[in-house]
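Below you'll find the structure, written out as structure tokens, and then a few comments.
Along the sequence shown, residues are numbered consecutively beginning with 1.
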Amino acid sequence: LLYLDVDNFKEINDTFGHIIGDKFLSLVGQVISRQIRGSDIGARYGGDEFVVILPNTALDEARATAEKLSAAVEHAAALNPGEEQVKLGISIGVAVCPDDSRSAGELLQMADGRLYEQKAARKSGRGRSNVA
């Protein structure tokens, strides 16, 4: 399971408004759809968060998919609201079953926790990657 959060999304909404913010969310959803396998399931989870279910996927492969998604979103985010270029990024928490949990709820909590641990590490300067 990948749990994705759009970095600094509140700033995008505050700066450009909710209509442009919605366009960015749509862009992220499109990128996810193009980058995942046919057997995977990607969905907007709420607000600026998305989840991707990767059936029968080992941890290393899930992390590789997360890195690929992160790079694809950064590359695709060349929208130009008005005259300003906006750089868009995502942070991703990764959790796998059965190693991290056997229930869907616990797996989601684990991925969410790793996502926010990674965001905190990057904010403090300890983390470099967008994937945890």
Steps toward side-chain contact (heavy atoms from CB on, under 4.5 Å) verdict (F24, V6):
CA-CA 9 Å; F24 277 103; V6 179; over 6 Å; no
List the steps and the verdict of side-chain contact (heavy atoms from CB on, under 4.5 Å) for I12 and D48.
CA-CA 11 Å; I12 292 170; D48 63 343; over 6 Å; no
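When all heavy atoms of A111 and L1 are compared, the closest pair comes out as CB-CD2, 4.0 Å. When all heavy atoms of L107 and C97 are compared, the pair lying nearest together is CD1-N, 3.9 Å. Among all heavy-atom pairs drawn from A95 and M110, the shortest one is CB-CG, 3.8 Å. Nearest heavy-atom pair across V96 and L59 is CG1-CA, 3.8 Å.
Legend: residues meeting side-chain hydrogen bond (donor to acceptor under 3.5 Å, both in side chains) with Y45, ordered by chain and number and at least two apart, are absent. By the side-chain hydrogen bond (donor to acceptor under 3.5 Å, both in side chains) test, D22 pairs with no residue at all, sequence neighbours left out.
A 4.5 Å side-chain heavy-atom check between F9 and L25 finds at least one atom pair inside the cut-off.
With 3.5 Å as the limit, one finds a donor-acceptor pair spanning the side chains of Q30 and S26. The closest side-chain donor-acceptor pair between S91 and D5, if any, does not fall under 3.5 angstrom.
Rounding to the nearest 0.5 Å gives a distance of 11.5 Å between CZ of R114 and CG of D112. Note that CG of D7 is 7.5 Å distant from OG of S70, once rounded to the nearest 0.5 Å. Atom CG of N8 is separated from atom NZ of K119 by 7.0 Å, given to the nearest 0.5 angstrom.
Formation of a donor-acceptor pair under 3.5 Å by the R37 side chain with backbone atoms of P55 is found in this model.
Residue K10 places its NZ atom among 12 or fewer non-hydrogen atoms of other residues, nucleotides or ligands, all under 6.0 Å distant.
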